[in-house]
Protein chains: 2
Amino acid sequence: MSARQRVTLESVAAHAKVSRQTVSNAINAPDVVKPETLTRVLESIAELGYQPSRAARQLRTRRSQILGYSLRPVPADAHGTIGDRFVHGLARAAQQRGYRIMLFASGNDEEEILQYDELLSGADLDGFVLTNTHHGDPRIAWLAERDVPFVTFGRPWGNADATHPWVDVDGAAGTAAATRHLHELGHTRIAYLGWPHGSGVGDDRRTGWSDVMAELGLPADGRWQETTENATEPARDAAATLLRRVSPGAVVCVSDSVALGVIRAAEAQGRRLAVTGFDDSAVALLAGMTTLAQPVTESAQRALALVLRDIGVDTVGPASRHEILAPQLVVRDTSIPPDPLPRTVGS
Amino acid sequence: MSARQRVTLESVAAHAKVSRQTVSNAINAPDVVKPETLTRVLESIAELGYQPSRAARQLRTRRSQILGYSLRPVPADAHGTIGDRFVHGLARAAQQRGYRIMLFASGNDEEEILQYDELLSGADLDGFVLTNTHHGDPRIAWLAERDVPFVTFGRPWGNADATHPWVDVDGAAGTAAATRHLHELGHTRIAYLGWPHGSGVGDDRRTGWSDVMAELGLPADGRWQETTENATEPARDAAATLLRRVSPGAVVCVSDSVALGVIRAAEAQGRRLAVTGFDDSAVALLAGMTTLAQPVTESAQRALALVLRDIGVDTVGPASRHEILAPQLVVRDTSIPPDPLPRTVGS
DNA sequence: GACAACTGTTTGAACGATCCAATCCGACGA
DNA sequence: TCGTCGGATTGGATCGTTCAAACAGTTGTC
């Protein structure tokens, strides 16, 4: 009920019989305070339950200890929880380091840049975490130009000399693992269904398949691949073509949605087919689909560490400025040994 | 490159040839400023691109213009985008009103309350938005006791005299609409598969079905319902029992996951069955499932308006302190007319 | 013994906004 | 002409922290 008096540096100082600044030092630069004074001050802080006012600190230091994270409208057909889990991991990692995540909404890159401007001058945000970066992303240029600390979840495709820190999942390693897995099961006729050429992520994932196929001396030319947009219906049609053309025993897919299309096509043609997806979405779980789980939480933690380093929070050793994390193969029912007679079509 | 001087109240005042306070008034209380002075000041603000320092304002007023939103770990089998879309709607609605959303992570109610305490004293948050409230939620008691403004997405089940503002989706209206829809298609043997008794949301949705059935003079006793936890596998087993017991022509389900279990059970038994789900998740879209779409974005907007009113941002007329929004029926393929001979168990 | 160097602590000023009290100014009435 | 009134505007104090410089106390050096 009664509004208790706010605990401030001054009141802690009085309680510990030192000055404001010494209490401040005890928090921000403990090494300059005499050990016995330090313990006395820390006791007072604990006893009074003191918490520094972020506003006052921010006003003086021009640092908010807050990072910005932009939300885009959620597409209607989204079934992933990747975004969800990434934000959660980010928020948790941040608050362990005394930082917080502030959200803002934007519809496109330009709008988002306007928000950057507003948040930097008005709210003194210390940095940003970007997702869904793309080729020639204007947000990256804007931030880099102003020396604003930021990190991207997703590597800068087609811009090898980008200097900002980033974290990404190794798509090629993922499809490579899936391809090897299918080969170990006995498959030799392994096709690939991916996104249209030109997207960094899609091309990367295709590479994993084609490299392993080459390594194994198995065919992976144009006849063994097909492309489709990232939805189940179009994927079904593309898969139907692919199945008729090379009659594969297994298909590595660029995503769970696409993989589901392949499964539907196989059912329609009455074929027995091994399929792998990518993302480990809820759909994959429901379909009992073998897929690749992205290390989302770990990505968030690494991303946070990278941007905090640029902000200057910890000046630990010169580790790499980017991280590539391998996804994990989740084996379920849809990766099955091949038919004894691979050539046989249908029931 | 060169760090341009920050635009402050003082510099705007100098530019407009008035005093600090007049500029402040132009922003916070335009009606006390003489019109011609006002326009002059506003022009200066626009010209210099002035933005008030949130830190300074917060230090003085003890208001941050920030609302807290807690994230819980995302369950592995989650396939909904409801949480995602709610946060997005919240962030967008907030920033239209000059507010921002700050995230924090917590694992349980107690941990979340500790975060409240920290955020209130350290960061001066103006209020909170809670989701996933439950019976006897300690968070609600804690916040209410301290007169902290907050709103919940989800009504206070079993606590009719709760006084805090809330927003919720009308589950009963949803299942009622589904039931009527099935009846209009010609169904009369309509069963229900729900969650175990005792959960507010689950019981509410069941009510919608049973009320309409009673209204239509159709049977809805215990034989026509079954319960299951919210996952596809258990739902399939429960559905199998239900189908054998009353041989329904249609089943209204408490969620999309459960509905998918019913579809699987019907396939296994070779039955033709109309099914409706709840939530309009990606799974429903993929399965071509008739379901109920929750007005998530609108809920977020209303929730924001309610909590801002308690904070005292707008003192508009005395509207209601809670809102119940109706979900929308999304008709797809799984709501089908009944067999000509409902008793026939098809091949 | 005087001065310098160093350690640990304290004091005053500043960050940029709002609150509060005081002042200005033109109009109006006596 | 002067005092009064009320709305518009001004200057000073304040919020709680950190920065920069000054201060006392001890030790070391020639």
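Worth knowing before you read on, the calculation uses all heavy atoms, side chains too, and leaves out hydrogens, waters and symmetry mates. We name chains A, B, ... by the order of the sequence lines, and we start the count at 1 in each one.
Here A:T37 pairs with A:V18, A:T22, A:V33, A:K34, A:R40, A:V41 under the side chain to side chain contact (heavy atoms under 4.5 Å, CB included) rule; sequence neighbours left out. Qualifying side chain to side chain donor-acceptor pair (under 3.5 Å) partners for A:D310, counting only residues two or more places apart in sequence or in other chains: A:R321. The side chain to side chain contact (heavy atoms under 4.5 Å, CB included) search around B:Q96 returns B:R92, not counting sequence neighbours. Annotation: side chain to side chain contact (heavy atoms under 4.5 Å, CB included) contacts of B:H322 (sequence neighbours excluded): B:W166, B:S320. Legend: residues meeting side chain to side chain contact (heavy atoms under 4.5 Å, CB included) with A:E118, ordered by chain and number and at least two apart, are B:Q51, B:R100.
The residues A:D124 and B:R6 are annotated as salt-bridged, a charged nitrogen and a carboxylate oxygen being separated by less than 4.0 angstrom.
For residues 296-305 of chain A, every residue pair satisfying the side chain to side chain donor-acceptor pair (under 3.5 Å) rule, not counting sequence neighbours, is listed here: A:E298-A:R302, A:R302-A:E323. For residues 56-76 of chain A, every residue pair satisfying the salt bridge (charged side-chain N to carboxylate O under 4.0 Å, His left out) rule, not counting sequence neighbours, is listed here: A:R72-A:D109, A:R72-A:E112.
Counting 5' to 3', DNA chain C first comes under 4.0 angstrom of a heavy atom of chain A and last does so at the ends given by C:dG8 to C:dG16.
We find the CD-CG distance between A:Q65 and A:L308 to be 9.5 Å, quoted to the nearest 0.5 Å. In this structure, the separation between CD1 on A:I27 and CG on A:L42 is 8.0 Å, given to the nearest 0.5 Å. With rounding to the nearest 0.5 Å, the separation of OG in A:S44 from NZ in A:K17 is 9.0 Å. Atom CG of A:L125 and atom CZ of B:R54 lie 9.5 Å apart (nearest 0.5 Å).
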Polar atom pairs (N or O), protein with nucleotides 22-28 of chain D, under 3.5 Å:
none

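For the residue pair A:T133 and A:T152, no side-chain donor N or O sits within less than 3.5 Å of a side-chain acceptor on the partner.
With ring centers used as reference points, B:F128 lies under 6.0 Å from B:Y116.
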Q) Could you write nucleotides 14-21 of chain D as a row of B, S and -, 5' to 3', where a protein heavy atom under 4.0 Å of any base atom gives B, of only sugar-phosphate atoms gives S, and otherwise -? A) BBBBBBB-
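When the local axes at the two ends of the helix from C:dG1-D:dC30 to C:dA30-D:dT1 are compared, using 5 base pairs at each end, they differ in direction by 70° after rounding to 10°.
Of the residues in residues 34-49 of chain B, B:K34, B:T37 come within less than 4.0 Å of DNA chain D through at least one heavy atom, sorted by number.
By the 30° and 60° cut-offs, the orientation of the rings of A:F86 relative to A:F153 is parallel.
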